[in-house]
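Order of the sequence lines sets the chain letters (A, B, ...), proteins ahead of strands, with each chain counted from 1.
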Amino acid sequence: MGRVLPFTGQEADPGVLLDVDNVTLQYKTDSRLVTATYQVDFQVHRGDRFVLLGPSGCGKSSLLKAVAGFIKPVEGQIRLNGAPVTGPGPDRMVVFQEFDQLLPWKTVFQNVMFPLRSRGVPKREAEDRAGTYIAKVGLDRFRDSYPHILSGGMKQRVAIARAMATEPEILLMDEPFAALDALTRRRMQEELLQLWDDVRFTVLFVTHSIEEAIIVGNRILVLSPHPGQVKAELNAHSYGHEKSEGFAALENRIHTMLFAEQNTAPAPKVTRAARP
Amino acid sequence: MTGSVQSHQQPLVPSIRPEFERDVLDAGVIGDISRPLSPWERLTGNTLARRIFILVLLGAAWQAYAVWSDNPLMFPTLSETLATLWTSLVDGQLLQRCLTSLRILLVGYAVGIAAAAVLTMLAVTTRFGNDLLSTLTSMFNPLPAIALLPLALLWFGLGEGSLTFVLVHAVLWPMALNTHSGFMGVSDTLRMAGQNYGLKGLRYVMLILVPAALPSILTGLKIGWAFAWRTLIAAELVFGVSSGAGGIGWFIYENRNQLEIPSVFAGLLMVIIIGLLVESVVFRSIEIYTVRKWGMQR
């Protein structure tokens with residue numbers, strides 16, 4: 001699916017949608033306090049396909065959960081449209097990695113309808129929107145099926161349709177394709193890009209795969225691990241699935257960045273956990 | 001690390017074999033890819049049919065043993081018991097007793113479930129509620145309901161009040177325990193998905209936690225029902241029910257005193273039949289239309 005995306009970032013749309021400002025995240029286990037990210041800042045613009053990329057332990061999932069409102073930052077602030085994020089809400093719909101995010105007691109159609117109806121969208125409009133987005137992810141034939149008969153890829157498509165149907169300010173995707181097989185994953189990436197071409201939404205996408213980051217994203221935030229700190233913010237808007245020379249060069253650049261970091265990173269003030 | 005066995009031998013190298021490609025056979029040549037099951041296969045796959053077969057087998061064993069032992073006072077035959085059951089049902093006596101028992105049972109069951117709902121709701125929303133529920137269930141769950149009967153008689157007198165009290169005790173704890181563990185077992189992803197919709201408080205509990213925990217809640221309902229039924233019959237065997245109209249336990253006790261042994265068996269059989277009906281009709285249909293349809297239980 002070779003294509004050059006017409007969207008070029010700030011010039012086309014100067015509006016900052018999501019502002020993550022100097023955010024430090026910590027969580028407690030039974031025996032210790034772990035710092036997941038340390039003073040991370042980045043800004044997501046309207047229409048961005050913004051990727052958080054880093055090895056495991058860089059706090060990228062924690063950052064996404066903080067944006068979703070499930071974790072409160074110990075330092076800094078997260079603002080959506082200028083208003084601070086205080087808790088979870090349907091203006092920031094999340095697509096999780098796990099397949100069990102759909103409600104098993106509702107059909108595909110009811111699953112997509114549910115957040116619309118619980119937000120008070122009128123029945124007719126909700127039905128129209130649910131139908132539209134189920135069609136967009138190609139699951140028309142399965143709209144009255146229960147989730148347990150669907151394959152992993154289909155469940156993720158439903159989750160995407162469900163999130164898109166609420167027309168959130170920003171779509172949050174937490175390694176949504178990581179649990180899929182390689183062929184399905186590739187197809188899902190293509191479908192996501194097509195959907196983006198079609199609807200033009202803003203998405204914050206978490207992945208640990210450099211390849212996926214370059215394919216899906218137009219802007220990549222590279223994070224270092226233990227705790228997560230911003231390493232770089234890169235452009236990837238000119239790369240799709242076709243492996244060009246530039247693609248390989250960018251892949252290499254990020255690769256070097258992530259692995260060189262292991263030897264030269266300055267020790268942060270917080271206690272480090274052992275690196276896997 | 002290579003195994004120590006091979007370290008001093010030749011290293012293991014796979015041999016290189018010729019490649020090949022094949023044309024796969026047409027599906028028609030292979031035969032049936034899928035075919036409808038034969039009537040026999042369908043019959044043996046039917047749970048109800050298999051269960052009925054077991055019941056028939058047990059009934060035959062009963063009849064055979066009773067005929068062989070030939071002692072109607074100790075062990076009447078199945079046919080005699082069924083005949084007695086039929087006449088007592090037809091003359092309305094046994095049916096009346098059953099209805100009396102069931103009415104009290106349903107009141108106790110409903111109150112017990114309501115109390116369990118309040119306790120577990122408290123337990124999932126507050127830490128105090130959680131500690132309270134854990135402490136109370138570990139204290140009272142092992143306490144047999146029937147052991148509270150003397151106390152209940154003291155407090156509520158001889159009558160329905162005491163029976164309802166022990167019934168509530170019998171239902172409340174297993175129900176609360178199962179519901180609570182069901183709530184605890186709801187996955188983080190599902191919880192976050194629910195919160196992501198902006199659901200909070202009671203709406204979150206009713207729309208996300210309750211359906212997600214339904215398999216455990218149903219188990220609690222089933223166990224609660226069995227405990228309640230058992231407790232009621234036992235309590236009635238001790239003192240019947242006030243105002244003359246005794247329940248089914250009292251029916252059994254009375255007939256034993258009058259040495260109407262087939263009626264005793266008929267009463268016991270009635271208890272079993274009601275138990276089977278509730279289990280296989282009520283609970284089973286609830287399961288088929290909910291947790292099985294949703295793929296939450298096989």
Inset, instruction - Taking atom CE of B/Met184 as the centre, report whether more than 12 heavy atoms of other residues, nucleotides or ligands fall under 6.0 Å from it. - result: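 Atom CE in B/Met184 is packed in, count exceeds 12.
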
Legend entry - B/Arg51, CZ atom: more than 12 neighbouring heavy atoms under 6.0 Å: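 Count not over threshold, so no.
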
Please classify the contact between [X] and chain A as side chain, backbone, both or neither, with a heavy-atom cut-off of under 4.5 Å.
X: B/Lys200; result: neither
X: B/Ile208; result: both
X: B/Arg191; result: neither

Inset, instruction - List the steps, then state whether side-chain contact (heavy atoms from CB on, under 4.5 Å) holds for A/Lys65 with B/Met192. - result: CA-CA 10 Å; A/Lys65 292 205 168 85; B/Met192 285 195 285; 3.4 Å; yes

Any donor-acceptor N/O pair, [X] side chain to [Y] backbone, under 3.5 Å:
X: A/His148; Y: B/Lys293; answer: yes
X: B/Asn196; Y: A/Gly89; answer: yes
X: A/Asp100; Y: B/Thr189; answer: no

Legend entry - Most chain B-contacting option - heavy-atom pairs closer than 4.5 Å, from A/Gln97, A/Lys106, A/Arg162: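 The candidate making the most pairs under 4.5 Å is A/Arg162.
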
Interatomic distance, [X] atom [atom1] to [Y] atom [atom2] [nearest 0.5 angstrom]:
X: B/Met296; Y: A/Trp105; atom1: CE; atom2: CH2; result: 6.0 Å
X: B/Ser187; Y: A/Phe99; atom1: OG; atom2: CZ; result: 13.5 Å
X: B/Gln195; Y: A/Phe70; atom1: CD; atom2: CZ; result: 5.5 Å

Inset, instruction - May I ask you to name which of B/Pro211, B/Gly198, B/Ala212 has the most heavy-atom pairs under 4.5 Å with chain A? - result: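 The answer is B/Pro211.
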
Legend entry - Best-contacting candidate, B/Leu199, B/Thr290, B/Leu207, B/Asp188, against chain A by heavy atom pairs under 4.5 angstrom: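 Heavy-atom pairs under 4.5 Å are most numerous for B/Leu207.
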
Legend entry - Considering all heavy atoms, the nearest A/Gln101-B/Ala193 contact: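 So the minimum-distance heavy-atom pair works out to O-CB, 3.8 Å.
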
Legend entry - Interface moiety of A/Leu102 toward chain B, non-hydrogen atoms closer than 4.5 Å: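 Backbone only.
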
Inset, instruction - Apply the side chain to side chain contact (heavy atoms under 4.5 Å, CB included) test between B/Tyr197 and each candidate in A/Arg117, A/Arg119, A/Met93; give the one that qualifies. - result: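 Checked A/Arg117, A/Arg119, A/Met93 against B/Tyr197; only one passes side chain to side chain contact (heavy atoms under 4.5 Å, CB included): A/Met93.
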
